[in-house]
Amino acid sequence: MKLPLLFLITLLVTQPSSTPQQIADELLAADRAFAAASAKTDLITGISAMFASDVAMPAPGAIAYGSQKAIEALRANPANAGATAVWTPARVAISSDGLHGFTAGFMTIKRADGSINPAKYLAYWEKQQAGWRVRAYKRAAAKQAAPDTKVSYLLPERIMVSMLTPEKFDRDRQSLSDAEKSFAADAQKMGLGAAFKKYGSSDAINLGGGGVPAFAWGNEAIASLVSQGEPASGSSVNWGPEKAIVAVSGDFGVTIGYITPNKPGADGKTPPGQPFFTIWRRDSDGVWRYIAE
């Protein structure tokens, strides 16, 4: 395959003096700056300002690939017209090369009619020539505003210079895709809750449903959340990735795809797949575990 220029370099140079904390704080500052700018404009302009050109954003029934499609999807929701949005990050994580990361936090949306809607967000970032930009993004409704939450960090032990070849990049990306596929395959056998516990990290977060203001924290809590209403064995849904993004360091990435019901609906037809993305970290033992979804 032909890789973009960024991936054709042999040696990626990072600032050896930068600590994981410094880089995470830099990402937090970028997220907060976009939030501050959003407060002065409309929701669509404010949110889309941080999108990379190839952003992926789950939308009703599909994944909007590319900033233009993502903006069109935001415009297609009439509730976004005339709305404003501000947000505050509550979780940050970075890859060991310091070039990929995610933020998650809480949002306040003021609609054109004056109503206030609390929400949650998850953004996967990459540090590009123009600065930190979002490669994958999603929002979820919240029942009420979240309580004040101190920012928590998921950081590597140190920032490392990463060697890169096209072959390594392909191996890392395939390894991440395979982890998502194994996750789904195991869920069909052991059940959704057991699979989410097995494949998740103890410090993972899940945005949770609209009925809760904050996140589900940790793989056990997430497993309990997703297994509600599920069969005792097996799973009501299946899923798989159609795209994977990985950091040069090979320890951090995101899978993007669709969740599909295993059984047809009442009309005998299989409902359309629902888009998802999952953020992963490869631990020191070489195993991928999800850390945010």
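Numbers here simply count residues along the sequence, with the first being 1. Owing to the predicted nature of the structure, the values given are computational and were not obtained by experimental measurement.
Note: the hydrophobic cluster containing Trp125 does not contain Phe106 (ILVMFWY, side chain heavy atoms under 4.5 Å, direct or indirect links). One hydrophobic cluster, built from ILVMFWY side chains closer than 4.5 Å, cannot hold both Phe215 and Tyr121; they sit in different ones. In this structure, Leu155 is a member of the same hydrophobic cluster as Val151, with clusters built from ILVMFWY side-chain heavy atoms closer than 4.5 Å. Linking Ile, Leu, Val, Met, Phe, Trp and Tyr whenever their side-chain heavy atoms come within less than 4.5 Å puts Trp280 and Ile259 in one cluster. If you chain together hydrophobic residues whose side chains sit under 4.5 Å apart, Ile47 and Ile71 fall into the same group.
In this structure, Arg158 and Ser96 have side chains that are not in contact, with every pair of non-hydrogen atoms separated by 4.5 Å or more. Looking only at side-chain heavy atoms (C-beta outward), Trp217 and Ser152 come within less than 4.5 Å of each other.
Note that CG of Leu176 and NZ of Lys181 are 10.5 Å apart. Values are rounded to the nearest 0.5 Å. A distance of 7.5 Å separates OH in Tyr124 from CD1 in Ile279, rounded to the nearest 0.5 Å. The CZ atom of Arg135 sits 4.5 Å away from the CD atom of Glu126 when rounded to the nearest 0.5 Å. Within the model, atoms NZ of Lys138 and CE of Met57 stand 12.5 Å from one another, a figure rounded to the nearest 0.5 Å. Annotation: the span from Ser224 atom OG to Asn219 atom CG amounts to 11.5 Å, rounded to 0.5 Å. Note that CZ of Arg32 and CG of Leu28 are 5.0 Å apart. Values are rounded to the nearest 0.5 Å.
Annotation for Asn238 and Ala184: closest pair OD1-CB, 3.5 Å, computed over non-hydrogen atoms. Here the closest heavy-atom approach between residue Ser95 and residue Pro156 is recorded as O-CG, 3.8 Å. Nearest heavy atoms, Ala35 versus Val86: O-CG1, 4.0 Å. Taking all atoms of both residues into account, the shortest heavy-atom contact from Gln22 to Thr19 is OE1-N, 2.8 Å. Residue Gly193 comes nearest to Ala223 through the heavy atom pair O-CB, 3.1 Å, listed as atom of the first residue, atom of the second, then distance. Closest heavy-atom contact between Leu27 and Ala93: CD2-O, 4.0 Å.
Proximity of a side-chain donor or acceptor of Thr149 to a complementary backbone N or O of Pro147 within less than 3.5 Å is detected. Listed for the Glu72 side chain is no donor-acceptor partner under 3.5 Å among the backbone atoms of Ser67. Under the 3.5 Å distance criterion, the side-chain polar atoms of Ser227 are left unmatched by any main-chain donor or acceptor of Glu230. Under a 3.5 Å cut-off, the side chain of Ser175 and the backbone N or O of Arg171 do not form any donor-acceptor pair. A donor-acceptor pair is defined here as one N or O able to donate and one able to accept, closer than 3.5 Å; such a pair exists between the side chain of Asn262 and the backbone of Ser235. Checking side-chain atoms of Lys120 against main-chain N and O of Asn206 turns up no donor-acceptor pair under 3.5 Å. Checking side-chain atoms of Arg111 against main-chain N and O of Ala79 turns up a donor-acceptor pair under 3.5 Å. Within the 3.5 Å criterion, the main-chain N or O of Ile23 finds no donor-acceptor partner in the side chain of Ser18. Panel note: side chain Asp97, backbone Ser249; a donor-acceptor pair is recorded below 3.5 Å.
In Lys197, the NZ atom is not crowded: 12 or fewer heavy atoms of neighbouring residues, nucleotides or ligands sit closer than 6.0 Å. Around atom CG of Asp267, more than 12 heavy atoms belonging to other residues, nucleotides or ligands sit under 6.0 Å away. Heavy atoms of other residues, nucleotides or ligands lying less than 6.0 angstrom from NZ of Lys110 number 12 at most. The number of heavy atoms from other shown groups lying within 6.0 Å of CD (Gln144) is above 12.
Looking only at atom types and distance, the side chain of Asp25 has a donor-acceptor partner in the side chain of Tyr153 under 3.5 Å away. A donor-acceptor pair shorter than 3.5 Å can be found between the side chains of Trp239 and Glu180. A donor atom on one side chain and an acceptor atom on the other are not found under 3.5 Å apart for Trp87 and Ser38.
For the ring-ring contact (aromatic ring centres under 6.0 Å, His included) test, residues two or more places apart in sequence or in another chain that qualify with Phe51 are Tyr137. Partners of Ala29 under the side chain to side chain contact (heavy atoms under 4.5 Å, CB included) rule, at least two apart in sequence or in another chain, do not exist in this structure.
Exactly one residue among Arg281, Arg282, Arg289 makes a salt bridge (charged side-chain N to carboxylate O under 4.0 Å, His left out) with Asp285. That residue is Arg289. Across Tyr199, Phe183, Phe276, Phe102, a single residue satisfies ring pair (Phe, Tyr, Trp, His ring centres under 6.0 Å) together with Tyr290, and that is Phe183. With respect to Ile94, the side-chain contact (heavy atoms from CB on, under 4.5 Å) criterion is satisfied by exactly one of Leu99, Thr103, Ile159, Leu154: Ile159.
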**Report entry** Phe252 vs Ile291, side chain to side chain contact (heavy atoms under 4.5 Å, CB included): CA-CA, chis, key distance, verdict
**Finding:** CA-CA 10 Å; Phe252 202 93; Ile291 54 172; 3.8 Å; yes

Requested in this report: For Ile245 and Ile256, run side chain to side chain contact (heavy atoms under 4.5 Å, CB included): C-alpha distance rounded to whole Å, both residues' side-chain angles, the deciding distance at 0.1 Å, then the answer.
Outcome: CA-CA 8 Å; Ile245 300 168; Ile256 303 163; 4.2 Å; yes

Report task. Test Lys243 against Ile63 for side chain to side chain contact (heavy atoms under 4.5 Å, CB included), laying out the working first. Result -> CA-CA 11 Å; Lys243 182 177 181 178; Ile63 298 166; over 6 Å; no

Requested in this report: Could you check Phe169 against Val248 for side chain to side chain contact (heavy atoms under 4.5 Å, CB included), going step by step and ending with a plain yes or no?
Outcome: CA-CA 7 Å; Phe169 176 77; Val248 172; over 6 Å; no

